[in-house]
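Data first, discussion second: the structure below is written as structure tokens.
Letters A, B, ... mirror the listed sequences (proteins, then strands); counts begin at 1.
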Amino acid sequence: MEHATVGFPILTMLVAVPAIGALLTAVVGRKRPEFVKLTALLSSVLTGALSIWLMAAFHAHDGGFQFVSKHPWIRTWGISWHLGVDGISLFLVVLTGVLFPLVIAGTDPHHDHRAYLAWLLLLEAGVMGSFIALDLFLFFAFFEIVLVPMYFLIAGWGYEQRVYAATKFFLFTMVGSAFMLVGIITTAVLGKAGPNGSVSFDLVDLANHASFAATTGRWLFFAFAVAFAVKIPLFPLHTWLPDAHTQAPTGGSVILAGVLLKMGTYGLLRFGVYLFPEAARWSRPLFLTLAVIGILWGAIAATMQSDLKRLVAYSSVAHLGFIVLGIFAITSQSATGAVMQNINHGISTGALFVLVGMIYERRHTRQISELRGIQSVAPVFAGVFTVVMLSSIGLPGLNGFVGEYLVLIGSFLTARWWVVVATAGVILAALYLLWAYQRVFHGPVDDANRGFAELRWREAAVLAPFVAIVVFTGIYPKPMLDRIEPSVKQFIAHVHDATGYVEPQPAGEGAP
Amino acid sequence: MTPTADVFVGPPIQWSSLSPMLILLGVAVVLLVAAALTPRWPRRTYALVAVGGALAAVVVAVCLWHGRGLSAWSGSADPTTGSSDPVRFLVGGAMRFDAFALWLTVIVGLAVALSVLVTDDYLEREGLSRLAPEIYALYLTAGLGAVVMGMANDLIVLFLGLEILSLSLYVLAASHRRRTQSQESALKYFILGGVASAVFLYGVALIYGASGSTNYTRALAAFVQNISPHRSEAMALAGVGLLLVGLGFKAAAVPFHMWAPDVYQGAPTPVTGFMASAAKAGAFAAMLRVLVVALPTWSADYRPIVWVMAVLTLVVGSVMAVAQTNVKRMLAFSSISHAGFLLVGVEAAIHDTTHAHPGDGVPSTMLYLLLYAVLVIGTFAVVTLVGRTGDGATDLAGFRGLARQRPVLAVAMTVLLVAQAGVPLTSGFVAKFGVITAAVGEHSYALAIIAMVAAVIAAYLYLRIMISMWVAEPDAADAGREPVGTPLLTSIVIAIAVAVTVVVGVAPGWLISLAQHVR
């Protein structure tokens, strides 16, 4: 099949535009501070437009990598600048492209706009790069480079415990990366997947030509998995997340939940399971169990939180558990669901963080106990919150349902008992979110909350795209599924080719 | 060779191949003579002469690099290595002349040039300009010593290089006459260094006793020919051990690192940068030469020792760095941790000796030395500026508010620190990636993982400095501090260091291919 291309290297542009934007913002802002926001907004909007164009030009029903661009970078080590998207990464690219302009337009730092916006754009370049890199070295470079802007965003513009949270985030992620770097190098050195048996860091070469002894493959898989498990975060490596989320500025939290965590799940799928299918199947029980523990643990911890932002942070732990469940169930349905859930969680949790940020700006507190009766003074705000919250709970008709449902259905075939337990997480999600909603929005309004301002136009403009995506995807997910499914099918076929794994099909009536 | 007649016949001397060293020595002598006999030269002239000399050595080395393999220079090809790049022996087999030696010359030449530039501003600020010619001459001789260490093909020549380097450094460490810490650090360095030299010399003697020669080639031949006889085994092993101690001391490898934090902290800051770059380069070059070229027959015995040394150096360097509050001390421990990474490369290079197909141990270690030298000189140049007059404000508090006062300097320091932490797209990552690849290529997986985890611990210390610069609120005491100056030459050095860090980080291909010639 003819793979989609456009006349210019669109994927390289997706990385270059925000990177150049960051540089411009930093340089322009020195002399003309009034242009800082405009420069940043324009570069992020341009990136967003490119990503949407990419989605429009993407060939649905084609499972392979599209828009591929490949140039040698460090020849001696077999490293190339290799970019491409398929159905698994496409919507993550679009999500990144859409979230950043919204964050830049919608949230303001308290000081020093220039540095804040420059770091944000640099972050966007790194995130984009890690979603489209098809070379292990390149992926690692982007995966690591993301830490620096995120560290400075949290440490520079966060709340009281920001330095602690930022340092914890940086070090946790870096420990994971340490293992992954050794894993990547070992994979390349032992894989010898380049032409004539030379060392190559190319993902496609390695997936197709390298074969590892079972034990070696398992060790390597674990080296990768540790890094991704920290990033996702998977229980019990999740402790950095509530701190980072709570202490980060609103924009940082949105990006962190929206796209940064997805680098973990995406990486697990693209680099972990794809390169080492045998090891992934072998370690299924472990990861399924951790995922389910994460779902329950996240939900229970979220219920107990008194801080609204922390509550949303713990709900992320639970939601990402579903994604990991979907990945390790290894059926096309569950994996499609996992990819969907990646996007949906980004949208709904991102929107929740925006809303919590707005509450904090108005009331200067995130304590649930100090908020009450907001619905009566700000009904529109409450309405938007309701829609987003219901999408996060997974109400049918909204986007959260599609992914979660597919994950649970798909996993039931291969991981029945894990699914049975995980389903309880769906109910718990309703419990903690509805309970929080009830405490914050219902009840008689007290004096402190009487002045709670209604949604402003600018805020509405930022939230409108979130709500639109939530509703549209919930009602009509087909365009997304059409683009995701072929790639997932090809992915499962790869696992089949590598390990002889046969995907169980749903049993019809009368089947044994 | 044995003289047959009463007349002593000296070995042939290949002047052209020795020219980088002769330039370093010549310029040093010129500076010393000029300082003694001529009236004071105008401001900055001494520095420019010294920098010119160091860069001339680099340029000549680069020219010789391009001329390798041509018949223009004489010498005899080395039959023992299968490398495509020929090795030539100079001065009757006392020195080796090859890509390795030239690469080291480039590292050392650059380190001398950059350090002299920083030192010139430093001396002016501290009111020590009178000492300029002597100090620059010492930099040049120290550089000469480091090059000799790497070029030596004879343990005695290596010892000469070691002593030239060490004696110059002792004086350099004491060169800030009015700071007692400077004197104290020099004395400590001198006493401990003297002991290490003695230990090293004892090792040389034992190797001579076991093999009958101090020449690498002849010692190797002797060991290869009678590998089994019990006569020499214990003696040789003791010799190897003592050599490792001596070289480990110079390289500041744990457990022979005790001197480093005190000396690094007390020495004038530009000199500290020079110790961490050129002296380290000389020590590691010598270690590679001795272990890989002269004593590969004992590699099975000393490899575990190097492995343990590497692990200890990585862990102790990183963990102790975190506990410090003085930035110079922190960077001293961080440089110990970097020495650990270099030892990872050395360990891989030792593995290489056991099989015919050469791995990446030597090239990756030498690449690391080059990139780290530029990085660390840049970092200490910033510390020199932040130390302010008197060179005393090097605790973390001294960095507070730097981002507000000198944003460009803070950005430069951030780039250098991020590179030291090994974040991708910086030269620091390229260096680390190289040695880790070499280690993995030799199946030293455990060492590779320990090294990377140690790098994470060390990253915490760089974060602490960055927090001080960017986030920490200014204190009442900070208002009274002298503002951080940015004199021209030091600024140039920092700019060069940052540029190299970023350019090599983004486009390392050419440098890595060049390093492949270094065997």
Original post:
What distance separates W77(A) CH2 from T437(B) OG1, expressed to the nearest 0.5 Å?
Top reply: 5.5 Å
Original post:
What part of F429(B) is in contact with chain A, defined as an atom under 4.5 angstrom from a non-hydrogen atom: side chain, backbone, both or neither?
Top reply: side chain
Original post:
Of the backbone (N, CA, C, O) and the side chain (C-beta and beyond), which part of V411(B) lies under 4.5 Å from a heavy atom of chain A, both, or neither?
Top reply: neither
**OP:** Take W219(A) and Y445(B) through the ring-ring contact (aromatic ring centres under 6.0 Å, His included) test and state the conclusion after the steps.
**Re:** CA-CA 11 Å; W219(A) 279 108; Y445(B) 303 115; 9.5 Å; no
Subject >> L147(A) versus chain B, the contacting section by heavy-atom distance below 4.5 Å >> reply: neither
Subject >> Between I449(B), L425(B), V423(B), the one whose heavy-atom pairs under 4.5 Å with chain A are most numerous >> reply: I449(B)
**OP:** May I ask you to name which of I436(B), D360(B), L463(B), T414(B) has the most heavy-atom pairs under 4.5 Å with chain A?
**Re:** L463(B)
Original post:
What option among F201(A), F142(A), F143(A) has the most heavy-atom pairs under 4.5 Å with chain B?
Top reply: F201(A)
Residues of [range] within contact distance of chain B, non-hydrogen under 4.5 Å:
{"range": "residues 148-162 of chain A", "result": "V148(A), Y151(A), F152(A), A155(A), R162(A)"}
{"range": "residues 164-189 of chain A", "result": "T167(A), F170(A), L171(A), M174(A), V175(A), A178(A), F179(A), L181(A), V182(A), I185(A), T186(A), V189(A)"}
{"range": "residues 130-137 of chain A", "result": "F137(A)"}

Original post:
Where is the tightest heavy-atom contact between G509(B) and I74(A), given as atom of each residue plus distance?
Top reply: CA-CG2, 4.0 Å
Subject >> Contact summary for P508(B) and W73(A), nearest pair of heavy atoms >> reply: CD-NE1, 4.3 Å
**OP:** List for me each residue that meets ring-ring contact (aromatic ring centres under 6.0 Å, His included) alongside F35(A), sequence neighbours excluded, and say none if there are none.
**Re:** none
Original post:
Is it true that atom OH of Y460(B) has more than 12 heavy atoms of other residues, nucleotides or ligands lying nearer than 6.0 Å?
Top reply: no
